[in-house]
Structures are given as C-alpha cells and as structure tokens.
2 protein chains.
Amino acid sequence: MVSNPHLTRTPPLTPTSHLVLGLVAWRGPLTPYELKGLIARTVGHFWSFPHTQLYTEPVRLAEAGLLREQREQGGRRRRRFSITERGREALGEWLRAPSTEPPELRDLALLQLFFAGLGGADAASALAAAQEQAHRERLAVYEQTEERVAADRAERGEAPGPTEGELARRCRSATLRMGFIYERASVAFWAEVGREVAELGGERDLL
Amino acid sequence: MVSNPHLTRTPPLTPTSHLVLGLVAWRGPLTPYELKGLIARTVGHFWSFPHTQLYTEPVRLAEAGLLREQREQGGRRRRRFSITERGREALGEWLRAPSTEPPELRDLALLQLFFAGLGGADAASALAAAQEQAHRERLAVYEQTEERVAADRAERGEAPGPTEGELARRCRSATLRMGFIYERASVAFWAEVGREVAELGGERDLL
DNA sequence: GGGTACATGTAATCAGTTACATGATTTA
DNA sequence: TAAATCATGTAACTGATTACATGTACCC
C-alpha cells in the first residue's frame with residue numbers, strides 16, 4: 001500500500017472516529033460486527049449509535065490512512081480493520097488534548113420535565129414514574145455489567161496481560177462507575193420529582 | 001389563512017421542534033433572536049445548539065401549521081412566531097407520551113477516559129484535572145442562574161401570574177436541580193479519578 | 001465617523017439515522 | 001427443510017452544523 005499524497009492530511013475526526021480508533025487500538029484488528037458487539041459490552045451504555053455507522057466509519061478512517069483494511073479471502077469476505085501508525089498518532093493526539101466540550105445532559109425526559117407544567121399534573125406524574133423505573137432498570141444492567149467484568153477477569157486468571165497496565169483497567173472501570181453514580185442520582189431525582197408533583201395535587205393542564 | 005391539505009399531517013417532530021414549540025407555548029409569540037436568549041437563560045445548559053436552527057426550525061413548524069408567522073412591518077421586519085391550536089395539540093401529545101429514549105451520558109471526556117489508559121498517566125491526569133475544573137465552573141454558573149431566578153421572582157412580587165401554576169415553576173426549577181446534582185457528582189468523580197491516577201504513578205503510554 | 005458588539009439571516013455540507021435488503025447459521 | 005436469528009451491508013434522506021455575510025445601534 002503506497003502512501004497517497006491525497007491522504008496525508010488528516011480530515012476532521014468526529015467522536016465516532018476516535019471511538020472506533022480507540023477500540024481497534026485497544027483490542028487489535030476488528031470487523032464491523034465485532035466492533036458492534038464490543039461497543040454493546042463496553043461504551044455502548046453511554047455512547048451508542050446504529051450499527052450501520054460501524055460499516056461506514058472504518059472505511060472513512062481507512063481512506064484517511066488511519067486504519068488498514070484486510071479483506072478476508074473466501075467465506076464471508078469480512079472486512080477486518082487494524083490501526084496504522086498514523087492512526088495511533090491521531091489517537092494519541094486526541095487523548096493528549098482533553099475535551100473542552102461542555103458535557104450536556106441531553107436527556108429528552110429532562111426537556112419534557114421543563115415543559116411538564118404545561119401538560120398538567122397527570123402527565124408530569126407519569127413522566128416521573130416512568131423515568132424512575134427506567135433508571136432503576138439501567139442500574140440493574142450496570143450491576144450485571146460489573147459482575148460480568150469481574151467474572152471475565154477472574155476467568156483470565158487475574159493476569160494483567162503484557163500490553164496493558166493497571167491504569168487502563170482503572171480508567172475503563174471508572175467510566176462504569178460514573179454510570180452508577182448517574183443512575184443512582186437519577187433514581188433519587190425522579191422519585192423526588194414524583195413526590196413534589198403528587199403534593200401539588202391535580203393541577204389542570206394549560207394547553 | 002386557509003387550511004392547506006398538504007399540511008394536515010404532522011411531520012415527524014424532533015426534540016428541537018418540541019423545544020421551540022414549548023418555549024413559544026410558555027412565553028407567547030417570540031422571534032428567533034428572543035428564542036436564542038431565552039434558551040441561553042433556561043434550557044441552554046442541558047440542551048443547546050447553534051442559533052441558526054432557531055431561524056430554520058420555526059419556519060418548518062410554521063409550514064407544518066404548528067406555528068404562525070407574523071412578519072413585522074417596517075424596521076427589521078422580524079419574524080415573530082406564535083403557537084397555533086394544532087401546535088398546542090402536538091405539544092400536549094408529546095408531553096403525554098413520556099420519553100423512553102435511553103438518556104445517554106454522551107460526554108466526550110468520558111469517552112477519552114475510557115481510552116485514557118492508552119495515552120499514559122500524564123494524559124489521564126491532565127484530563128481529570130481539566131474536567132474537575134470545568135465542572136466546578138459550571139457549578140458556579142448554575143449558582144448564578146439560581147440567584148437570578150430567585151431575584152426575578154422577588155422582583156415580580158411573588159405573583160404567580162394568572163396563566164401559570166406552581167406546578168410549572170417547580171418542574172422548571174427541578175431541571176436546574178438536576179444540573180446541580182450532576183455537576184456536583186461530576187466534580188467528585190473527576191477528583192477521585194485524579195487521585196486514582198496519581199496513585200498509580202507515571203505509567204507510560206502504549207501508543 | 002469608525003469601531004465594535006449586537007442582531008439576523010442564507011447556503012452548503014455532511015454525519016448520523018432510517019429504511020431496506022440479503023446471505024449465512026443455527027435450531028426445531 | 002422451514003423458520004428464526006445472526007451477520008453484513010447499501011442507499012437515500014435530512015437535521016444539525018459550519019461557514020459566510022450583512023445590517024443596525026451604540027459609544028468613544
């Protein structure tokens with residue numbers, strides 16, 4: 001594969017790009033389908049998207065010279081992508097430039113809550129109940145995830161693996177911890193909202 | 001304004017649509033610029049977007065018959081949008097169908113943290129420090145917002161206003177409360193991550 | 001009277017989503 | 001062997017973003 005002058009400049013990379021790049025750097029060569037599964041088991045709960053992007057994004061990255069595509073011969077002729085030196089560099093640069101993006105709490109339910117007064121007490125109350133329930137469920141999912149991670153680790157005999165340090169494991173598990181914190185806080189928050197609304201009795205809607 | 005058969009079916013509405021619809025329903029006729037300011041002072045901190053959408057989205061909604069456009073005569077010829085009966089209905093429907101969308105914590109910094117192990121301890125440490133600081137700052141902003149809201153209310157003599165009940169005010173202030181909860185939790189989280197990383201000493205990067 | 005901050009838009013682009021479609025494996 | 005389910009994609013569409021551009025009012 002000769003270096004192509006058109007590809008020497010890295011095009012603007014999106015969060016999705018970095019996510020894919022990071023996963024391939026971490027786990028080695030992956031097919032789109034493997035990426036899909038990996039995401040579902042790891043970052044999927046705080047950063048997910050349709051699987052189709054996992055077919056298009058690696059291709060884009062390969063065109064930019066950050067991934068390399070190896071097509072399987074025979075069988076399903078899967079496309080398997082591995083990271084290139086330039087890909088590693090790009091990932092390193094991204095990691096060395098901490099995001100300054102304001103981390104918005106883009107939660108549709110919160111938006112509905114903001115306007116819930118216009119819809120009457122019943123709607124507000126239903127919203128709070130549904131959200132409390134939903135957050136409880138996600139909390140349960142996180143608990144399962146935690147157990148699975150622990151089990152996986154025990155199974156592999158606690159061996160850290162040569163290419164990976166304690167730091168990496170801690171960082172990944174921290175993201176899961178944040179999930180717990182957020183879900184617990186949300187359960188408490190929506191429960192409180194529910195109580196507050198109930199207290200006010202059945203105010204009519206204004207629409 | 002005759003009813004146009006092409007407009008009788010409501011097209012799929014996005015979160016942005018509902019946001020605009022809700023603001024107009026709440027505050028009465030608004031220009032795009034007023035919308036911009038209003039958003040900055042209210043939902044902007046958990047749901048923001050470029051101002052250009054506040055020029056295009058109301059037009060879309062007007063085409064769908066959910067808003068009505070009144071063009072100022074003379075001067076700046078501003079477009080001022082008010083809600084129609086159908087708009088109210090659409091908003092009501094939305095409020096009566098609590099969102100089931102999984103509220104993802106789409107935070108770029110969290111994504112960086114997930115991969116931070118690949119970038120070495122220094123990068124991870126810088127990330128944690130930057131995030132802790134950023135969240136502290138947002139906490140301060142929320143405190144100001146709270147003060148301003150309280151001041152506004154005191155100024156208007158505590159009068160609830162005829163068109164609005166206690167419920168609506170509580171719902172809006174609850175969204176701000178969630179902001180507080182989230183920011184406080186984030187400050188604690190990133191501080192903890194910082195400590196953890198420091199503890200591990202300077203692990204080298206793997207890229 | 002010229003600078004600068006506020007105000008108001010248009011146009012092009014594209015990442016991300018939705019819809020569709022089909023091949024390969026497993027299972028009943 | 002029929003029917004699920006898993007796996008793998010393509011193509012079209014469009015909401016959201018980026019880049020650009022101009023007008024208005026105030027202030028030094």
Side-chain angles (χ1 to χ4, degrees), chain A residues 10-21 29-41 43-44 46-64 66-67 69-81 94 100-102 104 106 108 111, chain B residues 9-21 29-41 43-44 46-64 66-67 69-81 94 99-102 104 106 108 111:
Chain A
T10 307
L13 299 176
T14 67
T16 306
S17 313
H18 291 119
L19 172 46
V20 169
L21 228 39
L30 294 167
T31 68
Y33 189 71
E34 288 165 345
L35 273 170
K36 181 186 158 195
L38 188 54
I39 288 172
R41 277 174 288 122
V43 287
F46 71 92
W47 202 290
S48 75
F49 35 76
H51 75 279
T52 52
Q53 240 184 301
L54 300 175
Y55 289 89
T56 53
E57 185 62 26
V59 171
R60 237 197 321 254
L61 292 172
E63 278 165 9
L66 306 180
L67 291 181
E69 177 183 341
Q70 295 143 296
R71 194 121 197 183
E72 246 179 27
Q73 297 304 333
R76 297 208 167 189
R77 297 182 37 74
R78 289 187 192 86
R79 307 174 140 193
R80 186 174 295 274
F81 296 88
W94 178 63
T100 59
E101 142 266 31
E104 285 169 12
R106 238 161 215 272
L108 254 190
L111 196 59
Chain B
R9 253 316 82 209
T10 307
L13 299 177
T14 67
T16 305
S17 313
H18 292 119
L19 172 45
V20 168
L21 228 37
L30 293 169
T31 68
Y33 189 73
E34 288 165 345
L35 274 170
K36 182 185 157 198
L38 188 54
I39 288 172
R41 277 173 288 124
V43 288
F46 70 93
W47 202 290
S48 75
F49 35 76
H51 75 279
T52 51
Q53 244 185 295
L54 300 175
Y55 288 89
T56 52
E57 185 62 27
V59 171
R60 238 199 315 258
L61 292 172
E63 278 164 10
L66 306 180
L67 291 182
E69 176 184 342
Q70 296 143 293
R71 194 121 197 182
E72 246 179 27
Q73 297 305 333
R76 299 209 164 189
R77 294 181 43 74
R78 290 187 193 87
R79 306 173 141 194
R80 186 174 295 274
F81 296 87
W94 178 64
S99 155
T100 58
E101 142 266 31
E104 286 168 13
R106 238 161 215 271
L108 255 191
L111 196 59

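Listed by chain and number, the residues in a side-chain hydrogen bond (donor to acceptor under 3.5 Å, both in side chains) with Thr14(A) are Ser17(A) (sequence neighbours excluded). Among residues two or more places apart in sequence or in another chain, the side-chain hydrogen bond (donor to acceptor under 3.5 Å, both in side chains) test is passed with Ser48(B) by Glu104(A).
One can place CZ of Arg71(A) at 10 Å from C1' of dT8(D), the figure rounded to the nearest angstrom. In this structure, Leu35(B) places its CG atom 19 Å from P of dC6(C), rounding to the nearest Å. As rounded to whole Å, 17 Å separates atom P of dG23(C) from atom CZ of Arg79(A). For the pair Trp47(B) CH2 and dG15(D) P, the computed distance is 15 Å after rounding to whole Å. Atom-to-atom, OH of Tyr55(B) to P of dC6(C) comes out at 14 Å; the value is rounded to the nearest Å. Distance CG (Leu54(A)) to P (dT10(D)): 13 Å, rounded to an integer number of Å. One atom, NZ of Lys36(A), and another, P of dT17(C), lie 15 Å apart when rounded to the nearest Å.
Remark: side-chain polar atoms of Glu69(B) are not paired, donor with acceptor, to backbone N or O of Ala62(B) under 3.5 angstrom.
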- Message: The test is salt bridge (charged side-chain N to carboxylate O under 4.0 Å, His left out); show your working for Glu63(B) and Arg60(B) and say whether it passes.
- Response: CA-CA 5 Å; Glu63(B) 278 164 10; Arg60(B) 238 199 315 258; over 6 Å; no
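Between Leu19(B) and the options Leu54(B), Val43(B), Leu35(B), a side chain to side chain contact (heavy atoms under 4.5 Å, CB included) holds for only Val43(B).
The shortest distance between side-chain heavy atoms of Trp47(A) and Ile39(A) does not fall below 4.5 Å.
The phosphate of dT8(C) (OP1 or OP2) has a side-chain N or O of Arg78(B) nearer than 4.0 angstrom.
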- Message: At under 4.0 Å between heavy atoms, how does the protein contact nucleotides 16-21 of chain D? Give one character per nucleotide, 5' to 3', with B, S or -.
- Response: SBBB--
